[in-house]
Visitor: 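I have a structure here, written as structure tokens, and I will follow up with some questions on it.
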Protein chains: 4
Amino acid sequence: MPNSSNSTTTPRTKGERRNRDAEVMDAAVRIFYEKGYSGASLQDVANEVGVLKGSLYYYFDSKEDLLLRIMKESHVQSETIFEKVSAKGLDPLDELDEILQELMQWYLDNVERVAIYFNEGRRLTGERLEEVEAAGRRFEQHLYTLLARAKKDGAIGDIDLRLCIRFILGALNSVPTWHKPSKQRRPSDKAITRQFAEMTIKSMSP
Amino acid sequence: MPNSSNSTTTPRTKGERRNRDAEVMDAAVRIFYEKGYSGASLQDVANEVGVLKGSLYYYFDSKEDLLLRIMKESHVQSETIFEKVSAKGLDPLDELDEILQELMQWYLDNVERVAIYFNEGRRLTGERLEEVEAAGRRFEQHLYTLLARAKKDGAIGDIDLRLCIRFILGALNSVPTWHKPSKQRRPSDKAITRQFAEMTIKSMSP
Amino acid sequence: MPNSSNSTTTPRTKGERRNRDAEVMDAAVRIFYEKGYSGASLQDVANEVGVLKGSLYYYFDSKEDLLLRIMKESHVQSETIFEKVSAKGLDPLDELDEILQELMQWYLDNVERVAIYFNEGRRLTGERLEEVEAAGRRFEQHLYTLLARAKKDGAIGDIDLRLCIRFILGALNSVPTWHKPSKQRRPSDKAITRQFAEMTIKSMSP
Amino acid sequence: MPNSSNSTTTPRTKGERRNRDAEVMDAAVRIFYEKGYSGASLQDVANEVGVLKGSLYYYFDSKEDLLLRIMKESHVQSETIFEKVSAKGLDPLDELDEILQELMQWYLDNVERVAIYFNEGRRLTGERLEEVEAAGRRFEQHLYTLLARAKKDGAIGDIDLRLCIRFILGALNSVPTWHKPSKQRRPSDKAITRQFAEMTIKSMSP
DNA sequence: TATGAATGAGAGTTCATTCAT
DNA sequence: TATGAATGAACTCTCATTCAT
């Protein structure tokens with residue numbers, strides 16, 4: 001299930017008339033993560049893929065377009081998680097707990113993509129920026145309604161919910177700032193996600 | 001105490017041919033915040049200051065040097081807070097509470113600097129990078145010893161302290177991602193810092 | 001007689017897998033007219049035809065070759081007119097009058113091709129350039145002998161004939177700079193060609 | 001009066017802290033003339049000036065901006081001529097005659113600029129295009145009112161004036177297509193301008 | 001006939017940096 | 001202190017062309 005590269009799953013057919021779309025995407029993720037969107041050059045990406053930089057334009061229209069595509073892949077992931085957990089029909093607090101753990105596990109597996117999502121999104125402009133911002137608002141809204149239900153149930157205390165969301169997301173989204181994907185995972189992913197979810201829930205308790 | 005620009009405090013006497021070091025710094029903070037270090041050009045900074053691009057080099061040696069100076073100013077601030085609160089000789093949990101509130105207040109007042117601190121620090125290289133990383137480690141170490149004392153007192157539960165620090169700092173450092181300095185502050189700064197500190201302490205409670 | 005696209009006349013039988021040579025040529029004419037030879041890209045042409053860029057090379061050897069072919073089609077036209085009118089055995093001035101009107105009518109019907117002919121011809125190089133220049137000289141030479149005969153007859157005044165040709169061709173060749181093919185033709189084509197021919201003849205009168 | 005480079009007139013002061021604005025402009029005129037706007041590269045211009053291509057951006061904002069500036073210099077010239085001749089208060093036909101000769105002389109002296117003016121103007125876009133088109137309309141309007149006055153006086157026949165202007169300008173503007181500035185001038189400039197003006201006037205005679 | 005993928009060169013443009021004045 | 005002019009490298013992006021399929 002952990003799959004740090006969500007794009008290379010297409011099995012490569014013989015004959016090798018490869019469509020390197022996925023490779024390009026993955027390379028871009030690595031480079032954008034390492035150098036930041038502005039600091040990264042398409043030359044870097046091209047080197048990583050092993051093509052000439054001009055050739056990259058077969059796969060996307062512009063550098064900004066490339067960034068947008070990466071962002072969209074992350075949207076799909078988080079929305080999938082929301083839907084999957086929602087479908088279980090749990091208590092608000094249990095649903096929150098499960099969402100937090102699932103999200104965090106995905107974060108742990110995709111540190112680079114997540115880092116890009118949170119740090120480089122603001123480099124987009126115009127329509128592309130709006131698109132990403134809209135997705136961000138949907139994300140928060142979903143969380144908000146969940147917390148509101150929990151509050152009505154008396155499961156969480158009398159606190160400002162908007163502020164509460166900042167707190168939770170702050171803690172959660174910090175994953176890419178400290179998690180190094182290459183290292184041996186100590187503590188285990190499970191321990192991490194569990195403690196984070198627990199701390200989060202406790203922080204809101206009445 | 002709130003002082004959103006730590007450099008322009010010197011009152012300007014009329015007719016005086018002043019050292020614009022502080023203006024340059026402030027301009028750089030605004031530009032680096034808005035466009036990111038890599039995305040910002042010294043031309044942007046020069047425009048903001050109202051000086052020609054080449055003239056900036058009187059004030060710093062290189063773009064990277066400029067970034068380092070901005071980072072250092074933030075170090076000084078956080079270390080001052082640590083020292084000030086330490087001197088009071090409080091219980092570990094009370095000390096933590098006060099540190100969190102003081103830090104957060106400074107974050108609220110200096111969103112731009114804080115954002116630069118957390119997002120652009122990794123663009124430094126060589127010695128400069130090491131210098132900043134060392135300061136970061138001192139910061140964490142201070143927090144760690146504080147938490148360790150609290151744990152020994154039984155004031156916080158049996159949790160992984162390193163992980164706990166990630167959680168706390170994640171929530172705290174997220175301030176610049178959501179706080180807009182220009183807006184009317186609702187809820188009030190005091191409400192914000194209090195709820196955050198409370199949630200933090202509760203999240204660790206035994 | 002008016003035939004603004006000399007290549008698409010072949011009726012298309014259904015189901016037929018036709019040679020798109022003519023379509024490619026017409027598309028190139030439109031694009032080269034609009035953007036100029038240097039400013040036009042084969043991608044533009046490919047889009048217009050509805051074919052992939054690489055596929056175009058089935059129809060020509062190089063971009064310059066494509067331009068040359070367009071130019072040659074125009075040569076054929078003007079030479080046809082010269083021959084047709086010559087065959088009538090008219091007085092020099094009458095022949096000139098008829099040639100001017102016929103040419104101008106063709107210009108009015110083929111503004112794009114004519115514009116390309118006069119503006120983009122100089123982008124050719126080497127043999128291709130020589131070929132086109134030779135055709136231009138034949139054109140002028142024909143006009144010159146015609147005028148020389150008229151002058152001997154006393155039908156036109158004592159003026160420098162080379163200069164006179166510049167004048168005439170300047171006026172005539174300006175058609176594509178002001179004639180918009182899409183617009184309703186006011187004044188009528190006939191009125192235009194007649195007034196131009198008249199003014200031309202009068203300008204040389206003794 | 002003949003001055004094929006209208007920009008290098010500023011005497012070069014000692015100390016040589018040269019402002020190469022004029023040199024850049026002249027180089028661009030030569031290159032744009034030779035290769036066309038689209039076909040010319042700023043590298044070509046830079047080579048001609050003897051600077052690196054990046055350095056050129058000290059003198060203009062973009063290639064298109066450079067083209068616009070060249071166009072504007074031509075506007076100034078033609079408008080100056082119009083004003084100068086207008087001020088004499090001549091008969092319409094005499095005024096036309098003098099304008100034609102003055103303009104043509106300027107054309108003969110500035111073939112490259114004129115060629116650029118008529119051939120490359122359409123490569124401009126947006127506001128810049130509108131600016132140039134507006135100037136073109138002013139030019140034509142001036143000519144139109146002049147012809148209208150002459151027609152009322154009975155000095156020219158009953159012809160379509162708009163069409164007449166096309167004819168005149170076609171002949172006049174063709175100068176850069178045949179005049180080679182380097183060659184020894186045979187026939188003399190005076191002979192050329194006189195014959196052209198005469199032919200023009202005669203072409204409209206009642 | 002046509003496609004899809006790539007090439008390699010070069011386009012316009014930006015930028016940190018330098019330095020004589 | 002500050003300017004004006006230039007550098008040189010790198011950047012994003014475009015394009016004519018090729019070729020196996």
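A note on names: the letters A, B, ... follow the listed sequences, proteins ahead of strands, and every chain is numbered from 1. Worth saying up front: this structure is predicted, and the values here are computed from it rather than measured.
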Visitor: Taking pairing as Watson-Crick or G-U wobble with both contacts under 3.5 Å, can you name the mate of F:dA20, or confirm there isn't one?
Guide: E:dT3
Visitor: Are side-chain heavy atoms of C:Asp65 and C:Arg128 found at a separation under 4.5 Å?
Guide: yes
Visitor: Is there a side-chain contact between A:Tyr59 and A:Asn19 in this structure, where contact means two heavy atoms from C-beta onward sitting under 4.5 Å apart?
Guide: yes
Visitor: May I ask you to test the B:Val51-B:Val45 pair for a side-chain heavy-atom distance under 4.5 Å?
Guide: no
Visitor: Using the closest heavy atom to pick a nucleotide of DNA chain E for each, name whichever of B:Phe60 or A:Lys53 lands nearer the 5' end.
Guide: A:Lys53
Visitor: Could you check whether D:Leu42 gets within reach of a base, just the sugar-phosphate, or nothing at all, counting any heavy atom under 4.0 Å?
Guide: sugar-phosphate
Visitor: Under 4.0 Å from OP1 or OP2 of E:dT3: is there any side-chain N or O of C:Ser55 that close?
Guide: yes
Visitor: Given 3.5 Å as the limit, does a donor-acceptor pair link the side chain of C:Glu120 with the main chain of C:Tyr37, or not?
Guide: yes
Visitor: Starting at atom CD of B:Glu23, determine the distance to atom C1' of F:dA2, rounded to an integer number of angstrom.
Guide: 14 Å
Visitor: Do D:Asn119 and C:Arg122 touch side chain to side chain, with heavy atoms closer than 4.5 Å?
Guide: yes
Visitor: What is the separation between atom CD on C:Gln43 and atom P on E:dG4, rounded to the nearest whole Å?
Guide: 12 Å
Visitor: Taking only the side-chain nitrogens and oxygens of A:Tyr57, find out if one of them lies under 4.0 Å from OP1 or OP2 of F:dC13.
Guide: yes
Visitor: Taking OH from C:Tyr58 and P from E:dT3, how many angstroms apart are they, rounded to a whole number?
Guide: 13 Å
Visitor: How long is the straight-line distance from CG of D:Asp26 back to CZ of D:Arg113, given to the nearest 0.5 Å?
Guide: 5.5 Å
Visitor: Considering only heavy atoms and no angle criterion, is a donor-acceptor pair shorter than 3.5 Å present between the side chain of C:Lys63 and the base of F:dT17?
Guide: no
Visitor: May I ask you to evaluate whether A:Ser41 reaches the phosphate of F:dC11, defined as a side-chain N or O under 4.0 Å from OP1 or OP2?
Guide: yes
Visitor: Using the closest heavy atom to pick a nucleotide of DNA chain F for each, name whichever of C:Gly54 or D:Gly54 lands nearer the 5' end.
Guide: D:Gly54
Visitor: Can you check the A:Asn47 CG to E:dT7 P distance for me, whole Å?
Guide: 12 Å
Visitor: Once you round it to whole Å, what is the distance between P of F:dA16 and OH of C:Tyr59?
Guide: 18 Å
Visitor: Return the 5'-most residue of the pair A:Leu52, C:Leu56 with respect to DNA chain E, ranking by each residue's nearest nucleotide.
Guide: C:Leu56
Visitor: Base, sugar-phosphate alone, or nothing: which one does D:Ala46 contact when heavy atoms must sit under 4.0 Å apart?
Guide: nothing
Visitor: Rounded to the nearest Å, what distance is computed from the CZ atom of residue A:Arg123 to the C1' atom of nucleotide F:dT12?
Guide: 18 Å
Visitor: Toward the 5' end of DNA chain F, which comes first, A:Ala40 or C:Ser38, by nearest nucleotide?
Guide: A:Ala40
Visitor: Below 4.0 angstrom from OP1 or OP2 of F:dG4, is there any side-chain N or O of D:Arg20?
Guide: no
Visitor: Could you work out the separation of E:dT1 and F:dT21 based on their P atoms and round it to a whole Å?
Guide: 22 Å
Visitor: Taking CG from D:Asn19 and C1' from E:dT21, how many angstroms apart are they, rounded to a whole number?
Guide: 15 Å
Visitor: From NZ of D:Lys35 over to C1' of E:dA11, roughly how many Å is that when rounded to an integer?
Guide: 13 Å
